[in-house]
Structure formats: structure tokens, C-alpha cells
Amino acid sequence: MRMESTPELAAFRKKVRAFVAEHAPGRKLHTGVRAPDPGLMPAIRAWTAKLYEAGFLGIDWPEEYGGRPDAHPLEPSIVVEEITRAGTWPPIGAAALASAAVLQFGTEQQRARYLPRIRRCEDVWCQLFSEPGAGSDLAALQTRARREGEVFVVDGQKVWTTNGQHADMGYLLARTDPDAPRHKGITAFALDLRTPGVEVRPLREITGSTDFNEVFLDGVRIPAADVIGEIDGGWRVAMSSLGHERTAVAGHGVELVAALESLLELAGRTAIGGRPALGDSATRQAIGELATRVGVNTAMVGLAQSRMLHHTEAPADAPMGKIFFSEVNHDLAALGVRLQGTDGILTEGDPAVAAQGWWQDADLYSRAYTIAGGANEVLRNQIAERGLGLPREPR
Ligand SMILES: Cc1cc2nc3c(=O)[nH]c(=O)nc-3n(C[C@H](O)[C@H](O)[C@H](O)COP(=O)(O)OP(=O)(O)OC[C@H]3O[C@@H](n4cnc5c(N)ncnc54)[C@H](O)[C@@H]3O)c2cc1C
């Protein structure tokens with residue numbers, strides 16, 4: 001294992017940190033991949049456009065679309081880390097995923113149309129993959145796209161669409177050949193969400209916030225020119241663009257370190273049975289154990305980055321990192337609530353709640369991290385099968 005750090009990367013980090021301090025649109029109130037209040041959207045769009053303009057997003061795009069292909073491969077991770085460290089908004093939506101699909105599989109016209117609009121943040125994208133009966137088993141998706149001349153007519157329902165309520169465009173998967181084997185009859189589309197027949201219905205979650213949506217598609221007409229990649233070749237497009245998402249892990253490392261610092265601060269002001277919580281040996285042990293796991297998580301992030309740089313990634317790296325992060329994150333948030341004793345039942349908005357209810361929200365939201373990007377049970381199967389070569393789960 002080699003942890004990478006060079007004077008150039010340190011200088012880049014300093015530049016990003018100063019940029020974030022000067023331009024970011026303020027602190028984000030909650031942890032996780034969340035949807036902002038509508039009033040914040042103009043500021044988030046302007047911020048995202050500035051990040052592209054400064055060369056801090058779209059770094060690995062071709063130069064003609066504003067990328068810096070000669071940049072160090074760790075620069076995108078440094079940007080994510082600095083945004084997370086500042087506790088501010090990352091770019092919202094699925095632009096990274098959609099641009100990866102358009103760059104690798106799209107036509108020249110699609111690249112020329114969509115990429116500049118992403119850079120200016122005129123289009124926020126959302127990911128229209130999951131359905132009520134197709135999540136972990138994405139190939140079970142039923143949303144149907146029938147060809148009628150130069151358009152596809154789409155009917156179906158998507159769910160868990162993060163930031164769908166703010167999105168202009170959707171990166172959609174729909175079934176174009178119901179008779180083909182499951183993975184072979186799926187096509188990827190760029191869908192303008194203002195098209196008649198698209199209805200976005202926000203979902204209210206256990207946290208009280210509205211980060212997800214249901215998206216209903218009823219006779220939606222998509223021009224054939226908006227197919228991304230080959231007709232019936234959408235599975236390859238989707239899997240390949242999902243594989244480009246390598247920077248989240250860097251943000252997760254920083255998130256845990258920041259949460260541990262907040263936990264220490266909370267414990268320092270908390271009393272258990274009338275005595276300072278930090279004088280309680282069970283509390284100290286719980287914190288010590290979490291600090292150890294946060295340290296291991298940081299080392300795992302370093303290892304993943306090092307392997308990415310040296311092209312020595314192993315199939316189990318990503319699932320192991322994601323499971324480990326999400327479980328430490330859950331236990332940290334749960335301890336943050338437990339330390340508040342009976343006040344742990346207070347929620348955001350109560351004047352007496354610690355840290356404005358951040359811990360309560362983080363505790364409830366921590367379940368989402370055990371599902372997003374692959375449910376932990378499914379990832380454990382992947383570690384067993386792809387990492388250890390154990391027999392595949394029978395279908
Ligand atoms: C924060 C967050 C953001 C998301 N954003 C989006 C988005 O923007 N767009 C989008 O399309 N989707 C999004 N999703 C949906 C996400 O991709 C799905 O939730 C995920 O794929 C799991 O699918 P599911 O919810 O249908 O659960 P299911 O697949 O039904 O799983 C239910 C339970 O069964 C278990 N399980 C399933 N299969 C197996 C198996 N083979 N072996 C063992 N256990 C199994 C799972 O681990 C889980 O505990 C998001 C989810 C979250 C949590």
C-alpha cells in the first residue's frame with residue numbers, strides 16, 4: 001500500500017480549500033445525499049457552475065469539453081474531500097453519472113448538447129433506474145419503451161429518484177425488448193423531464209425531509225436521437241457509468257472523521273447520571289472503539305485510492321469499503337443520540353435539542369447509506385463471489 005501525497009497535490013488542495021471558503025453556498029444542515037430546499041437551488045446551480053468553470057469538476061472529461069485530462073487522478077477526490085470538509089453542498093443530482101454515459105456511449109450531438117449545459121448547471125440530472133420491483137435486482141425493471149417511428153413511447157414508474165424534484169433531465173433505463181434475456185432488452189435514454197406525461201411526486205421520509213421522489217411516466221415520447229448508446233444495449237451503458245463513481249469514498253472518509261470530532265465535542269458537554277460522560281468508562285470505550293474504526297476507514301480510503309492510481313483494484317475493494325463506512329457511520333450516529341440520554345427523543349426544531357438535531361437526523365439517515373450504492377447484503381454476496389470466488393447465488 002502507498003498513500004499518495006505530493007507537493008503538487010498539497011498545493012491543489014490549498015487552492016480548492018480557498019475556493020470553497022470563498023464561493024460555497026453555506027453549510028448543509030444534514031448529512032448524506034440530500035435534496036436542498038427549493039429556495040437554495042439558484043445558489044447551488046451558481047456554485048456548481050463555478051466549480052466547473054474553475055476546473056474542479058469534469059476534470060477527467062476530454063479537453064474540448066473543458067476537462068483537464070493531464071490532471072493528477074486524485075484531484076477529483078481532493079475536490080470531494082474539501083467540499084465535504086467544509087460541510088457545504090456538493091453538486092446535486094446525477095450529472096457525473098449521466099456525463100460518463102454520454103461521454104462513453106453518446107453521439108457527438110448529444111455530447112455537444114448536454115455537456116455544456118451540465119457545466120453551466122442549466123440542467124440538473126437525476127437517475128431514473130430503480131423501480132418498485134427493481135432495486136438490487138435492477139435487471140427486473142419493467143418500465144416499457146415502445147418504438148413508434150422516430151420516437152419511443154415510455155410507460156412505467158421509477159422510485160427513489162434523489163433530487164428528482166429539482167431535476168431538468170433524467171438518465172432513464174427502460175425495457176425496449178421484453179422478449180430478450182433480462183439484461184439484453186434494456187435501453188438508456190436522456191429524458192427531458194418537462195416532456196408531457198412525466199410526473200414527479202416527492203416522497204417524505206422518516207427524517208422528515210424530502211430527498212427522494214416517485215416518477216410516473218405515462219405515454220412519454222422520447223426522440224430516438226436521445227437514446228444513449230445502442231438500442232437494447234442500455235445495461236452496458238448503465239454498468240459502465242456506475243463504475244465511474246469512484247470519488248464518493250473520499251468524501252465518506254472525511255465525513256466520518258468530522259462526525260467523530262463532533263461526537264467528542266458532544267460527549268464533552270454531556271452528563272451521564274449527573275457525571276461528565278467522558279468520565280464514564282463505558283462511554284470512553286465506545287468512543288475509543290469508534291475512533292479505531294474511523295482510523296481503519298481512513299486507511300481503507302487511502303488503500304482504495306492507491307490501488308486506483310496503480311490500477312491494482314480488486315473486485316472486493318469497493319463493496320468492502322462501502323459496507324465498512326456505512327456501518328461505522330451508523331454506529332457513530334447511534335452513539336451521538338444515545339449520549340443525549342432521554343433528550344435523544346428530541347428532534348430538529350426543538351430549542352433544547354443538541355446540535356440542532358443533527359444527530360437524530362444522522363441516525364435515521366444512516367440506514368440510507370447501508371442501501372444506496374448497493375445494499376450491504378448484496379455487497380456481501382459480491383465480496384463472497386467476486387472477491388473470494390465462492391459459488392454464485394442460485395437464481
Ligand atoms: C440514499 C439513496 C439514494 C438513492 N437514489 C437513487 C436514485 O437517484 N435513482 C435510483 O434509480 N435509485 C436510487 N436509489 C435506490 C437504490 O438503488 C435501491 O434502493 C437499491 O438498489 C436497493 O433496492 P430496493 O430499495 O428495491 O431494495 P431491495 O432490492 O428490494 O432489497 C430489500 C432488502 O433485501 C435485500 N436483498 C435484496 N437482494 C438480495 C440478495 N440477492 N441477497 C441478499 N439480500 C438481498 C437487500 O439487501 C435489502 O435489505 C437510492 C437509494 C438510497 C438509499
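This structure is a prediction, so every number in the text was calculated from the model and none was measured. Whatever order the structure lists ligands and atoms in, that order sets their numbers, starting from 1.
- Ranking protein heavy atoms by distance to atom 13 (C) of ligand 1, first place goes to Trp160 O, 3.1 Å.
- Between Glu131 and ligand 1, not a single N/O pair is under 3.5 Å apart.
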Chi angles and distances behind the side-chain contact (heavy atoms from CB on, under 4.5 Å) call for Thr207, His30: CA-CA 10 Å; Thr207 49; His30 303 121; over 6 Å; no

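- Glu377 OE1, 3.4 Å is the protein heavy atom nearest to atom 49 (O) of ligand 1.
- When hydrogens are left out, the protein atom nearest atom 20 (C) of ligand 1 is Ile371 CG2, 4.0 Å; that is the closest non-hydrogen contact.
- If you check the side chains of Thr176 and Asp232, you find a donor sitting under 3.5 Å from an acceptor.
- Judged by distance alone, the side chains of Glu214 and Gln157 do bring a donor and an acceptor atom under 3.5 Å apart.
- Scanning all protein heavy atoms for the shortest distance to atom 9 (N) of ligand 1 gives Gln127 O, 2.8 Å.
- Shortest contact from atom 2 (C) of ligand 1 to any protein heavy atom: Phe212 CE2, 3.4 Å.
- Counting only N and O atoms by type, the side chains of Ser241 and Gln104 include no donor and acceptor under 3.5 Å apart.
- Every N/O-N/O distance between Asn376 and ligand 1 stays at or above 3.5 Å.
- Nearest to atom 52 (C) of ligand 1 among the protein's heavy atoms is Ala372 CB, 3.5 Å.
- Residue-to-ligand polar distances place Ser136 within reach of ligand 1: an N/O pair is separated by less than 3.5 Å.
- Protein heavy atom nearest atom 4 (C) of ligand 1, with residue, atom name and distance: Thr162 OG1, 3.4 Å.
- Taking only nitrogen or oxygen atoms, main chain and side chain alike, Tyr365 does not reach within less than 3.5 Å of ligand 1.
- Listed for the Lys28 side chain is no donor-acceptor partner under 3.5 Å among the backbone atoms of Gly87.
- Contact annotation: for Asn381 versus ligand 1, heavy atoms closer than 4.0 Å belong to the side chain alone.
- Side chain to side chain, Ser209 and Tyr365 fail the donor-acceptor criterion of an N or O pair below 3.5 Å.
- Of the candidates Ala94, Ser130, Ala375, the one placing a heavy atom closest to atom 12 (N) of ligand 1 is Ser130.
- In this structure, atom 36 (N) of ligand 1 lies nearest to the protein heavy atom Val378 CG2, 4.1 Å.
- Comparing heavy-atom distances from atom 21 (O) of ligand 1 across Gly170, Ala140, Gly135 singles out Gly135 as nearest.
- For the pair Arg201 and Phe216, the cation-pi criterion (under 6.0 Å, within 45° of the ring axis) is fulfilled.
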